[in-house]
Amino acid sequence: MSKYSPIIGLEIHVQLDTKTKLFCSCNNESFGAEPNTNICPLCSGQPGTLPVMNKQAVNFAIKAGLAMNCEINKHTKWDRKSYFYPDLPKGYQISQYDQPIDMGGYIEIFLENEKKELVSKKIRLERAHLEEDAGKSIHDKSIEYTFLDYNRCGTPLLEIVSKPDMFSAVEAELYAREIRRRMRYVEVSRCDMEKGHMRFDINVNLKVEKDDGEIAFTPIAEVKNLNSFKSLVKAIEYEIERQKNEFEETGIVKNDGNKTTRLWNDNRGATAQMRTKEEAADYRYFPDPDIMPVIISDEWIKEIQETLPEMPSVRFNRYLNLGLSKTVSYYVVDNISLANYLDDCLKLIGDKQELQKEFLNWFGRDLFSQMNQTTNSDDTNISIKITKEDFVGLIELIINKKITRNLAKEFLVDMWDNGKTLNELKASIPNESINIDEVINKVISSNQNMLEQWKNGNEKVFNVFVGLTMKETKGLVDPQEIQAKLKEILKK
Ligand code: ZN
Ligand code: MN
């Protein structure tokens, strides 16, 4: 049997969240707009128009590059990538060929080994460059015609190209998710998958080790325009199988060095041959004479560097070290609003160790399960329905033995579901201290028949007494304390 190892590289197009398009002043957001209502002579490719570079897009490309540990090119220019397609009215796309803004770089992903331990792996980047998006061809409105919507023309994209450093669909998904997190952390893109803010192209082939030790490679297949994590994973898995089967059937590797482009069909769950990829020369890249190169100074880079937040993988490690579980830590770093909430709470707690420990238990277990009931992890913004002051205050009440954990749980649900504030709930705690002995004696004396049963050896009665006492004390006394006291009293 031959041995197969997949080799996977990703190109990710991320739509930058600028106010206007890349080279004109049209609104950048045209999602849901009537076709061809968000265009101007420039982005619809009229002759005689001249592009003007959007500085915010360059800022965002630098910021994204720094977030991915790239080197920023000091001298960066714009090139025309020529090809004919009806949704590209100029007949060329303005992109960056040999001097992209971001060079090299890497990001970190976390994988589980056989012992279920997390190990980090670096995925290297080739580059990331700025370019404009094309329009959309609409084929499903009519049998006779294709309609064209140019609203998307000129939307700024950052194309992030990885090295072929991923060896499974799992690794590719982790990589893509970490890219999304970073783009969201540095606020250059909302990365809304449903709105097409993030699209994946995959490059997959197999290293084949034959029985006789010979090593061969299957031809690289490129699958374009995958727009969900699900189809990313499925398309990679499909390609691995397809290439493996093709090799098993023929026993030869038909590799002429050319990439083939395949199309993913979500309904069929399969890829189909589209065309043999044009070589780079086919695009006739040449510097765009209409736009000046951009010189990026050290000061410019430094200024942006200073605005970078802590990166998700660093944050993830920090949360693990605090004692939060892998699942919770992943969930939290995926949602920056939640991560910020957690950090704000930790700031309020300061160096109070006992409080921090109790707080993290409640955060990772109880608050987390409240959130899971009302939200899903792909939400961009999870709204936490309890203020950080109230949440930390609640945990302080437990630590100071003002309320039991059971009652705290009720308070938490009341705050989350009904929008109650901690102050409102505190008012319901009686002021006078409770005499447990008194309450237990009252419970026993008003249930004489149960006391008889207890004396006759029915041990189940014990828990009934505990329950009745808890009810009498309205959950304000810790159940363990009640059990201890009850044992003491029953012994007499
Ligand atoms: Zn325009
Ligand atoms: Mn591209």
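Read the numbers this way: they start at 1 and go in the same order the structure lists the ligands and their atoms.
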Requested in this report: Output yes if E11 passes the N/O/S-under-2.8 Å test against the Mn ion (ligand 2); output no otherwise.
Outcome: no
Query raised in the report: Any N/O/S atom, backbone or side chain, of D201 lying under 2.8 Å from the Mn ion (ligand 2)?
Result: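 No - counting backbone and side chain alike, D201 has no N, O or S atom under 2.8 Å.
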Report task. Please answer whether the main-chain N or O of P312 pairs with a side-chain N or O of R181 as donor and acceptor at a distance below 3.5 Å. Result ->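 Here the side-chain-to-backbone pair does not exist.
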Query raised in the report: Do we see a donor-acceptor contact under 3.5 Å between the side chains of T218 and E246?
Result: no
**Report entry** Test item: side-chain donor near acceptor, E108 and S120, under 3.5 Å
**Finding:**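 Yes.
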Query raised in the report: Under 30°, 30 to 60°, or over 60°: which ring-plane class applies to Y238 and W264, parallel, tilted or perpendicular?
Result: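 It falls in the perpendicular class, over 60°.
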Query raised in the report: Hey, what's the ring geometry for Y341 with F391, parallel, tilted or perpendicular (30° and 60° as the breaks)?
Result: parallel
Report task. Count, excluding waters, the protein N, O or S atoms that are closer to the Zn ion (ligand 1) than 2.8 Å. Result -> 4
Requested in this report: State whether the number of non-hydrogen atoms from other residues, nucleotides or ligands found under 6.0 Å of E117 atom CD is greater than 12.
Outcome: yes
Requested in this report: Please calculate the OE1(E159)-the Mn ion (ligand 2)-NE2(H13) angle and round it to 10 degrees.
Outcome: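 Value, to the nearest 10 degrees: 90°.
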Query - Considering only N, O or S atoms of E131, the one closest to the Mn ion (ligand 2) - result: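 This turns out to be OE2.
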Query raised in the report: Minimum heavy-atom separation for I291 to F23, with atom names?
Result: CD1-CE2, 3.7 Å
Query raised in the report: Does the cation-pi check pass for K55 over W300, that is, NZ or CZ under 6.0 Å from the six-membered ring centre and within 45° of its axis?
Result: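 Yes, K55 lies over the aromatic ring of W300.
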